[in-house]
Amino acid sequence: MGVFSVASAPLKLGKRVATSRLVESLVTPNPIERYVELFDPGWARDDVRAEIVAVVHQTSRSVTLTLRPNANWRGFSAGQHVGVGVRVDGVLHTRMYSPASSALRDDGLIELTVSEHSGGTVSRHLIQNARRGMVVPLTQAEGEFVLPSPRPGSVLLISGGSGITPVMSMLRTLCDENDQRPITFLHYARTPADQLYAEVLDELAENHGNLRVLTAFTRAPGGNVNGRFSMRHLKAAGVGPGCETFACGPGSLVEAVESVWSKHAIKTPLHVERFTPPPPVKITAKPRGKLLFARSGLAVKNSGESILTQAEAAGLRPTSGCRMGICHTCIVRVDAGSVRHLHTGEVKDVAGETVQICVNAPVGDVAIEL
Amino acid sequence: MAQTAKTKTTTKAGAKVKTGAKAKTAATDPKQLKLTPAQIEAFGKEMDALRERVLDDLGKQDVDYIRKVMDAQRGLEIGGRGLLFLSFIPPAWIAGTIALSLSKILDNMEIGHNVMHGQYDWTHEPSLSSERFEWDNTCPAEHWRYSHNYRHHTLTNVLGEDRDIGYGILRMSEDQPWHPYYLGNALYAFLLMTFFEYGVALHDLEVEKIVAGETTFADNREKLDRIWKKVRKQALKDYLLFPALSGPMFPLVFAGNFTANIARNVWAFMIIFCGHFPEGTEEFTREQIENETRGQWYHRQILGSANLTGGKLFHILTGNLSHQIEHHLFPDLPAHRYADIAVEVREACARYGIPYNAGPLHKQFGSVVKKIIRLSLP
């Protein structure tokens, strides 16, 4: 990394200079990053950016990246996720990934494991193209799927496929804390060749007597338990009083865990996180869903007309111009949902992106910053 | 609509022809008669299809292109300002001033103007976002996006709506009633050219409405504050901080920065005025654009715009506004695509018999100057 990224004394001065009012006045109207990036593309005044410092392929369908975030990174709690910006054919996509590294890692690096899933252009791009030295934009960590403090009497971590990453972070953090309380790690992979972190888990189990690792393969023989999650598996893993369970994986696994909990009226706390993309939007002839104007707290039934028309019908007065999709005056951020372009008919999931509201109509439920 | 009920056109020979009636229009330009509403819509469909094809093709090459231009701009800026610090060597002052002028031209034309149009919004890159971009110009980006992207681009050449027609101070159309004030038309145009960035900054303020008593300065407080803030920042950088940092070179750096700003102003003025005012371009009335269809809108954009011919570097320095016709058809497609798009637009125009106005800079600007002088008289 370059001159501004390490927080030693002379370089702190460098940051002070780079963010001073004088320098800001000299580079106006451009952001200072536009010039500093010549020396250090990872530096930013406010934004989090990270340099990829290691790239490892644990399996053929995944990539494990070690990232060095810049000084704006505020760290994370084990189990949280971060948004990673990935450029695919000129377009910057932001995807959420959970660090799999310990939250207490003293070199400040974070490790992400990205697995390929069907239709995932971003994950496939990262698996094929991530290289050391690349700089990617990051968001600060967020998410409620975290270990409670103080730590529970015992912990059961259940994961499936790429859902291993947040619970891996919890496990590594607990091991770094040298906590002697019992931990059980129950992981589901399709086949042994698909299993992530197998060696790391073996090593941790060797060094930590309080850790028990159980593996299950859903499409291959072998493993400590057989088939998919059931009460039998839970009994093998054991869930005593004072235990808290964290489960993360595809919808099917999380639902199986939840149904065992409710069917057997299990009282110990269960925390879950799903690692699946949102279901594809249903395109129907008749407009469906609700259009929620998040800022004004209004919701209307989707009429199928442009978001601008519907906003105006609801009494809002969003800024707009040409009303024909050319002037970009009316762009607004969408919090969640998909839209259909009224000229091309193209339907796109635009969560977290801006859209021209004069030429886009909601498809299904949409929440927008109006 | 726009294609038939024209109020005025000017022949290539420069003769003034007032044509209120349809019959006269047809006599002036017989090709116009051939375009039926169905043809106009068919033409519009072709333009839509062309737009879709380019949109589908957008990708890394477009980002690479604009990044390359931004790198060049940054290099020219840093190099130019660096050389100006060595102003005691006269060639360094000249080279520095040229580099800084080019930097400002690239920033305003190929980068700023185009990014603020949303030409790169599809990339989702914060540094290429029309919402966030600010340019090296006294006009606040937010004001520009409204008066330019919306008013000028949607209501192109519509008298009383498109403030690019004379910027509220010039008489650029026969349909603007003459007033003795316009005896100074050429002088005002010269001043506007020299201080163009301030003209653009005040563009959105609609000073003439304030003068006419329709609005007051107080009504425009917020806009004025924004403009003043931007003007101050730009002036502080170019006329105080950089000169002061050079110590004894203060006056030379000041002069270099001033010259670069003026050079950018003159260049931008020339290119922009060549976009809509050479002989042969048309103006429209509010009535003409009522219930305008998409096809008619495309048609009007072509009739109201004119291209400049030239080499690749020339096109880049004009921000590809030399392809004004294509820019007006597709204002939010990346401008470096216009050269290729122009081949198809020109071919389609020839097929439909739609006039396609293009010429070299000296010819187009010459005709603009003539028009400015001519219109200073009744």
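On a predicted model such as this, the values are computed, not experimentally measured, just so you know. To find a chain, count down the sequence lines: A is the first, B the second, and so on, and within it residues start at 1.
Between A:Leu38 and B:Arg74 the shortest side-chain heavy-atom distance falls below 4.5 Å. Looking only at side-chain heavy atoms (C-beta outward), B:Glu134 and A:Pro31 stay at 4.5 Å or farther from each other. The shortest side-chain heavy-atom distance between A:His343 and B:Asp48 does not fall under the 4.5 Å cut-off. With a 4.5 Å cut-off on side-chain heavy atoms, B:Asp121 and A:Thr354 do not count as touching.
Looking at B:Glu125, the atoms closer than 4.5 Å to chain A (heavy atoms on both sides) sit in the backbone and in the side chain alike. A:Gln356 touches chain B through its side chain: at least one heavy atom from C-beta onward sits under 4.5 Å away, while N, CA, C and O do not. Contact annotation for B:Arg151: neither backbone nor side-chain heavy atoms come within less than 4.5 Å of a heavy atom of chain A. The contact between B:Gln73 and chain A is made entirely by side chain atoms (from C-beta outward), counting heavy-atom distances below 4.5 Å. Contacts of A:Asn30 with chain B are made by side-chain atoms alone, with heavy-atom separations under 4.5 Å and no backbone atom involved. Only the backbone of B:Trp135 comes within less than 4.5 Å of a heavy atom of chain A; no side-chain atom from C-beta onward does. For chain B, the nearby part of A:Glu37 is the side chain; its heavy atoms alone come within less than 4.5 Å. Interface remark: B:Leu128 contributes no atoms to any contact with chain A (heavy atom separation under 4.5 Å).
Contact record, A:His328 with B:Gly118: CE1-O, 3.4 Å, taken as the closest heavy-atom pair. Residue B:Ser130 comes nearest to A:Ile331 through the heavy atom pair OG-CD1, 3.6 Å, listed as atom of the first residue, atom of the second, then distance. For the pair A:Cys322 and B:Tyr150, the tightest heavy-atom approach, listed with the atom from each and the gap, is N-CD1, 3.2 Å.
Taking OG1 of B:Thr123 as the reference point, atom NE2 of A:His93 lies at 10.5 Å (rounded to 0.5 Å).
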- Message: As a quick check of understanding, evaluate side-chain contact (heavy atoms from CB on, under 4.5 Å) for A:Thr319 and B:Tyr146, giving each step before the final call.
- Response: CA-CA 10 Å; A:Thr319 316; B:Tyr146 175 77; 5.9 Å; no

- Message: A:Met324 vs B:Arg294, test: side-chain contact (heavy atoms from CB on, under 4.5 Å). Steps then yes/no.
- Response: CA-CA 9 Å; A:Met324 59 188 292; B:Arg294 201 164 163 87; 3.8 Å; yes

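No side-chain donor-acceptor contact under 3.5 Å links A:Arg87 to the backbone of B:Lys60. One N or O on the side chain of B:Lys237 and one on the backbone of A:Thr28 form a donor-acceptor pair closer than 3.5 Å.
Listed options A:Ser320, A:Gly352, A:Ser25, A:Gly90 were ranked by heavy-atom pairs under 4.5 angstrom with chain B; first place goes to A:Gly90. For chain B, the option among A:Val91, A:Leu26, A:Thr329 with the highest count of heavy-atom pairs below 4.5 Å is A:Leu26.
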